[in-house]
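Right, one structure below, let's go through it.
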Amino acid sequence: MLPVPVMQRTWAVSAEETQKIEAASPAKAPAVPAKPRRMLVFSLTKGYVHTAIPYGAKALEVMGAKTGAYEVVQSTDNVCL
């Protein structure tokens, strides 16, 4: 089996790393939204895939869920734009 080239690898955030992100995230939003909000986290790459992408996406997801400020929609599909 051949190794997967770096640009085709995907990185997953471990349960331990997720716990650290949750611990570092604020407990509440600085303002209460008037209506539910959604945030698109678009991470399509062509070529090099930076290892920080899944961590940034997870941090935004955790902060939205923990504070109730927004819901994250993650995608690499151009249709979302």
Side-chain angles (χ1 to χ4, degrees):
M1 183 172 181
L2 296 173
V4 176
V6 172
M7 68 176 135
Q8 293 178 4
R9 290 184 192 157
T10 58
W11 285 265
V13 180
S14 71
E16 180 182 349
E17 292 165 329
T18 299
Q19 288 176 337
K20 290 179 181 180
I21 292 169
E22 289 171 348
S25 296
K28 64 179 186 172
V32 178
K35 61 181 182 175
R37 298 182 289 184
R38 293 180 5 170
M39 175 189 292
L40 174 62
V41 178
F42 184 74
S43 58
L44 176 66
T45 60
K46 299 289 184 179
Y48 180 76
V49 179
H50 199 286
T51 59
I53 292 172
Y55 296 96
K58 178 56 84 174
L60 291 169
E61 179 185 320
V62 166
M63 284 188 278
K66 192 172 177 182
T67 64
Y70 54 86
E71 173 190 357
V72 167
V73 177
Q74 294 186 41
S75 181
T76 57
D77 190 347
N78 287 333
V79 173
C80 291
L81 301 177

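What you see below is based on every heavy atom in this structure, not just the backbone, and it leaves out hydrogens, waters and symmetry mates. None of these values were measured; they are calculated from a predicted model.
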Point to revise | Pairing residues for K20 by the salt bridge (Lys or Arg N to Asp or Glu O under 4.0 Å) criterion, not counting sequence neighbours | key: E16

**Study point:** Heavy-atom closest pair, residues E17 and S14
**Key:** OE1-N, 2.8 Å

**Study point:** Residue list, side-chain hydrogen bond (donor to acceptor under 3.5 Å, both in side chains) with T51, at least two apart or on another chain
**Key:** none

Distance-only check: which donor-acceptor pairs under 3.5 Å involve side-chain atoms of residues 24-43, not counting sequence neighbours?
unit_1: S25; atom_1: OG; unit_2: I21; atom_2: O; d: 2.8
unit_1: R37; atom_1: NE; unit_2: A69; atom_2: O; d: 3.2
unit_1: R37; atom_1: NH2; unit_2: A69; atom_2: O; d: 3.3

Review point. Applying side-chain hydrogen bond (donor to acceptor under 3.5 Å, both in side chains), which residue pairs with at least one partner in residues 66-81 are found, sequence neighbours left out?
Key: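 Listed once each, the pairs are E61-Q74.
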
Check your understanding: In the single-linkage hydrophobic clustering (I, L, V, M, F, W, Y; side-chain heavy atoms under 4.5 Å), do I53 and Y55 co-cluster?
Key -> no

Check your understanding: With hydrophobic residues grouped by side-chain heavy-atom distances under 4.5 Å, do V62 and V13 end up in a single group?
Key ->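 Yes, one cluster joins them.
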
**Study point:** Remaining members of the apolar cluster that contains V79, side-chain heavy atoms under 4.5 Å
**Key:**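 Hydrophobic cluster check, V79: no partners found.
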
Check your understanding: Taking only residues at least two apart or on different chains, which pairs with a member in residues 46-56 satisfy salt bridge (charged side-chain N to carboxylate O under 4.0 Å, His left out)?
Key ->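 For residues 46-56, and leaving out neighbouring residues, there are no salt bridge (charged side-chain N to carboxylate O under 4.0 Å, His left out) pairs at all.
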
